[in-house]
Amino acid sequence: MQKGVGLGALTRNSRTNEQYALYGERLQKSQLDKLNTQLSVFQAALLEFSHTHAKDIRSNPEFRAEFARMCTAIGVDPLASSSNKKGSFWAEMLGTSVNDFYFELAVRVVEVCRRTRDENGGLIAVAEVKDRIMKLDEKIGGTSDVSEDDILRAVESLKPLGSGFTVIELGRRQMIRSVPKELNTDQSIVMEAIQVLGFVTHSMLRDNLEWDRARVQTVVDDLLSDSLVWVDAQADEKEYWAPTFISNINK
């Protein structure tokens, strides 16, 4: 007959488990301390780098984008508020220069979106926003070297304000939506087709998507009412164009 486990064995097992648990806690704390030390070293190096290259970060969009990617690689969001409420990470490091650059750019993005909303229904390509900002600078004699990456980060900086500005992808193009209305599935499909082809017609949608007339008419009417597409009634069959393509043709 097998003997039961004695009280002494149970006590020894309990002590062993406690020792393992204690060792595990110490090991976890040691690893956490090492990670914190490494992060501090990275942040110190990033701080020194930012001070040394502050001018390049401010003036060179490619350099600025690489610096932002370097921040992201070590888990630092340049535009996120810090825990000590002194502003963002960049604001603390660079005396608000780069941080202000993005918020100032965000204001200009908002202005472009609102100024063109009647033309495009609140949906505009990131590339077009960049071009409009740079052309406006040229007209007033300024020099603004802005990249599409800068525009995207500027829009990102608006999120904490609950502004409703978001970036969506239609086909291969990134678009800024400045109105809270979401595109439904049919609208998204049509808008993606327009981004590729420039325009669509009722027959194109019926033949390629196998939609019936009522479905095509409904989605086109919805897009027209929101000014997301413009109609060209001069062709043999009405063509529905994206305002962005019409602007590019007229350049």
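No hydrogens, no waters, no symmetry mates; every other heavy atom, side chains included, goes into these values.
Remark: the backbone N or O of Met204 is paired with a side-chain donor or acceptor of Asn208 at under 3.5 angstrom. Checking side-chain atoms of Trp230 against main-chain N and O of Glu119 turns up a donor-acceptor pair under 3.5 Å. A side-chain donor-acceptor contact under 3.5 Å links Glu237 to the backbone of Ser203. With hydrogens and angles disregarded, a donor-acceptor distance shorter than 3.5 Å links the side chain of Gln187 to the backbone of Asn184.
Atom CD of Gln174 and atom CD1 of Ile124 lie 14.0 Å apart (nearest 0.5 Å). To the nearest 0.5 Å, atoms OG (Ser157) and CZ (Phe103) are separated by 5.0 Å. To the nearest 0.5 Å, the span separating CG on Leu152 from NZ on Lys130 amounts to 11.5 Å. Distance check, rounded to the nearest 0.5 Å: CG of Leu223 to CD1 of Ile194 gives 6.5 Å.
Side-chain atoms of Ser147 and Asp150 form a donor-acceptor pair, as typed in the model, at a separation below 3.5 Å.
Not a single salt bridge (charged side-chain N to carboxylate O under 4.0 Å, His left out) links Asp232 to another residue, sequence neighbours left out. By the salt bridge (charged side-chain N to carboxylate O under 4.0 Å, His left out) test, Asp149 is found to be paired with Arg153, residues two or more places apart in sequence or in another chain being considered. Not a single salt bridge (charged side-chain N to carboxylate O under 4.0 Å, His left out) links Glu62 to another residue, sequence neighbours left out. By the side chain to side chain contact (heavy atoms under 4.5 Å, CB included) test, Val107 pairs with Glu111, sequence neighbours left out. Residues satisfying the side chain to side chain donor-acceptor pair (under 3.5 Å) criterion with Thr116, sequence neighbours excluded, are Asn120.
Of the charged side-chain nitrogens involved, at least one lies within less than 4.0 Å of a carboxylate oxygen, so that Glu182 and Arg177 count as a salt-bridged pair. Arg132 and Glu128 are joined by a salt bridge, as a carboxylate oxygen and a charged side-chain nitrogen come within less than 4.0 angstrom of each other.
Closest of all the heavy-atom pairs between Ala154 and Tyr102 is CB-O, 3.8 Å.
Taking hydrophobic clusters as Ile, Leu, Val, Met, Phe, Trp and Tyr residues chained together by side-chain heavy-atom distances below 4.5 Å, Leu228 shares a cluster with Trp211. Side-chain heavy atoms closer than 4.5 Å link hydrophobic residues (I, L, V, M, F, W, Y) into clusters, and following such links, possibly through other members, connects Met175 to Ile189.
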Q: Would you check, one step at a time, whether the test side-chain contact (heavy atoms from CB on, under 4.5 Å) holds for Thr201 with Leu205?
A: CA-CA 6 Å; Thr201 64; Leu205 295 176; over 6 Å; no
**Q.** Val146 vs Leu105, side-chain contact (heavy atoms from CB on, under 4.5 Å): CA-CA, chis, key distance, verdict
**A.** CA-CA 9 Å; Val146 176; Leu105 180 59; 4.0 Å; yes
Q: Determine, stepwise, if the pair Arg117 / Val179 fulfils side-chain contact (heavy atoms from CB on, under 4.5 Å).
A: CA-CA 9 Å; Arg117 192 171 291 171; Val179 291; 3.9 Å; yes
Q. Does the pair Leu224 and Val231 meet the rule for a side-chain contact (heavy atoms from CB on, under 4.5 Å), with working shown?
A. CA-CA 8 Å; Leu224 281 170; Val231 61; 4.2 Å; yes
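Counting only residues at least two apart or on different chains, the salt bridge (Lys or Arg N to Asp or Glu O under 4.0 Å) pairs with a member in residues 194-221 are Asp186-Arg215.
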